Student: 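Just passing along the structure, written as structure tokens.
The sequence lines fix the lettering, A, B, ..., with proteins before strands; numbering per chain opens at 1. Remember, predicted model here, so these are calculated numbers, not experimental data. Any value given below was found using the heavy atoms of this structure, including those in side chains, with hydrogens, waters and symmetry copies removed.
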Number of protein chains: 2
Amino acid sequence: MDRLDLRILDQLQQDASLTNQALAERVGLSPSACLKRVRRLRESGVIQREVAILAPEALGASLHMVVEVTMVRDDRTLYRRFTQRMEAAPEVMQCYQVTGEVDFVLIVSVADMESYDRFCDNVLDAGQDVHKFRTLISRKRTKFQTRLPLGI
Amino acid sequence: MDRLDLRILDQLQQDASLTNQALAERVGLSPSACLKRVRRLRESGVIQREVAILAPEALGASLHMVVEVTMVRDDRTLYRRFTQRMEAAPEVMQCYQVTGEVDFVLIVSVADMESYDRFCDNVLDAGQDVHKFRTLISRKRTKFQTRLPLGI
DNA sequence: CGTGAAATATGTATCGT
DNA sequence: ACGATACATATTTCACG
């Protein structure tokens, strides 16, 4: 993966709707050479997928929560079951396993408080594996980006 | 925004590289009708942008931090300056303004601990507005999705 | 990696409901 | 106002140099 690949990736991180022609021009390649690289980057898994980012406010999913989860005990099997449950829950946008007093941090998106209450009952408390959790209610998501710093 | 728009959005949330033809077929519209809707959804800002999601591990940006920030005092101007600083920092992927004992939660992506130390010095501590912060080091990001639950 | 031609997709105009 | 069909334009894709 060379400088050209990194430039391609950085462009696509910002705008994946670019045509291959326009992308090729920006990075200084012919369309065919550029396409070959993009395909290789997709197949190798560096480009995981291409997605549309929607405005949460326009869709009634504008309530974001940061949830700090502490497990009942430190146990691999318990952790695996928990992460699988989070994987299956559509409200859970992100799940980080962290070090320290807390075991997991979740980013959860819901329409309203009732939906969040249901989430707590049906997903968080459903496994007898969560000892306690603390919810930080987000009044405002002031930044949301998916662009990783590639250092180029 | 009707059921058809929601189906279009949910498809594009999952895969924005779908051709308009394939998308039209999936939602049961003619290509031209589908394209009109997609264009409208883009122009109205419901579709904010289309981006490539990259594998952080493949790019040496695999260290994720959850940072809880407490400000020196509750002050609108201070908050605005802080959010602007976070907006400008490429390491800050997300910034949530939250209620409770903590004022902000950040999701930060860096290559290594040295980069994170530099970030703390040059960005977090640079404004004399942060009273204290707590870093939760992520050992593993077990889920990362951008797909909002649209309830369809 | 680049060129050029065939295959495909996008975008537009027009008509019908 | 919205969707379908058909046509013109643009893009993708592949064989070859």
Student: Please step through side chain to side chain donor-acceptor pair (under 3.5 Å) for the pair B:Y96 and B:Q94, ending with a clear verdict.
Tutor: CA-CA 7 Å; B:Y96 298 89; B:Q94 299 157 55; 2.6 Å; yes
Student: Between atom CD in A:Q21 and atom P in D:dT11, what is the gap in whole Å?
Tutor: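 Those two atoms, CD and P, are 4 Å apart.
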Student: Between D:dG3, C:dG2, D:dT5, which one does the side chain of A:S32 approach most closely?
Tutor: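 That would be C:dG2.
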Student: Got a salt bridge between B:D2 and B:R37, using NZ or NE/NH1/NH2 to carboxylate O under 4.0 Å?
Tutor: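 A salt bridge links B:D2 with B:R37.
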Student: Between A:H131 and A:T70, do the side chains contain a donor N or O and an acceptor N or O under 3.5 Å apart?
Tutor: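 Short answer, no.
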Student: Run the salt-bridge test on B:D129 and B:R73 with the 4.0 Å N-O cut-off and return the result as yes or no.
Tutor: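 Salt bridge absent between B:D129 and B:R73.
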Student: Please give, in whole Å, the distance from C:dT3 C1' to A:L35 CG?
Tutor: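 In whole Å, C:dT3 C1' and A:L35 CG are 15 Å from each other.
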Student: Can you give me the dot-bracket string for DNA chain D, 5' to 3', counting Watson-Crick and G-U wobble pairs with both distances under 3.5 Å, using [ ] for crossing pairs and | for partners on another strand?
Tutor: ||||||||||||||||.
Student: Do B:L63 and B:I53 share a hydrophobic cluster (ILVMFWY, side-chain heavy atoms under 4.5 Å, transitive)?
Tutor: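 In one cluster with B:L63: B:I53, no.
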Student: Count I, L, V, M, F, W, Y as connected when their side-chain heavy atoms are under 4.5 Å apart, and connections chain through other members. Are B:V67 and B:I137 then in the same cluster?
Tutor: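 The answer is yes; both residues are in one hydrophobic cluster.
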Student: Quick one: on DNA chain D, does A:K36 or A:A22 contact a more 5' nucleotide (nearest heavy atom)?
Tutor: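 Checking each residue's closest nucleotide, the 5'-ward one belongs to A:A22.
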Student: Which listed nucleotide (C:dT10, C:dC1, D:dC2) is nearest to the side chain of B:R40?
Tutor: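 For the B:R40 side chain, the nearest candidate turns out to be D:dC2.
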Student: Less than 6.0 angstrom from the centroid, inside 45 degrees of the normal: does A:R85 satisfy that with respect to the ring of A:F82?
Tutor: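 Output no; distance or angle outside limits.
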Student: How long is the line joining CZ of A:R37 and C1' of C:dG2, in whole Å?
Tutor: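 Result: 13 Å.
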Student: With distance as the sole criterion, do the side chain of A:T19 and the base of D:dT12 form a donor-acceptor contact below 3.5 Å?
Tutor: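 Flag unset: no donor-acceptor pair detected.
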Student: Rounded to whole angstrom units, what separation is found between the CD atom of A:E25 and the C1' atom of C:dC1?
Tutor: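 It is 17 Å, rounded to the nearest whole Å.
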Student: Quick one: B:L29 CG to C:dA9 P, roughly how many Å, whole number?
Tutor: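 It works out to 17 Å between those atoms.
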Student: For B:L23, report the nucleic acid contact type (base, sugar-phosphate, nothing); a contact means any heavy atom under 4.0 Å.
Tutor: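 No contact.
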Student: Of the candidate nucleotides C:dT12, C:dC1, D:dA4, which contains the atom at the shortest distance from the side chain of B:S30?
Tutor: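 Nearest nucleotide to the side chain: D:dA4.
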Student: Measure from the side chain of B:L4, starting at C-beta and using heavy atoms only, and say which of D:dG3, C:dT3, D:dC14 lies closest.
Tutor: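 Taking heavy atoms from C-beta onward, the closest nucleotide is D:dG3.
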Student: Over how many whole Å does the gap from A:N20 atom CG to C:dA9 atom P extend?
Tutor: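 Whole-Å distance recorded here is 15 Å.
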Student: Using whole Å, what does the distance between atom C1' of nucleotide D:dC2 and atom CD1 of B:I8 come to?
Tutor: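 Going from CD1 in B:I8 over to C1' in D:dC2 covers 12 Å.
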Student: What's the CZ-P distance between A:R39 and C:dC1, to the nearest Å?
Tutor: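 After rounding, the gap between these two atoms is 13 Å.
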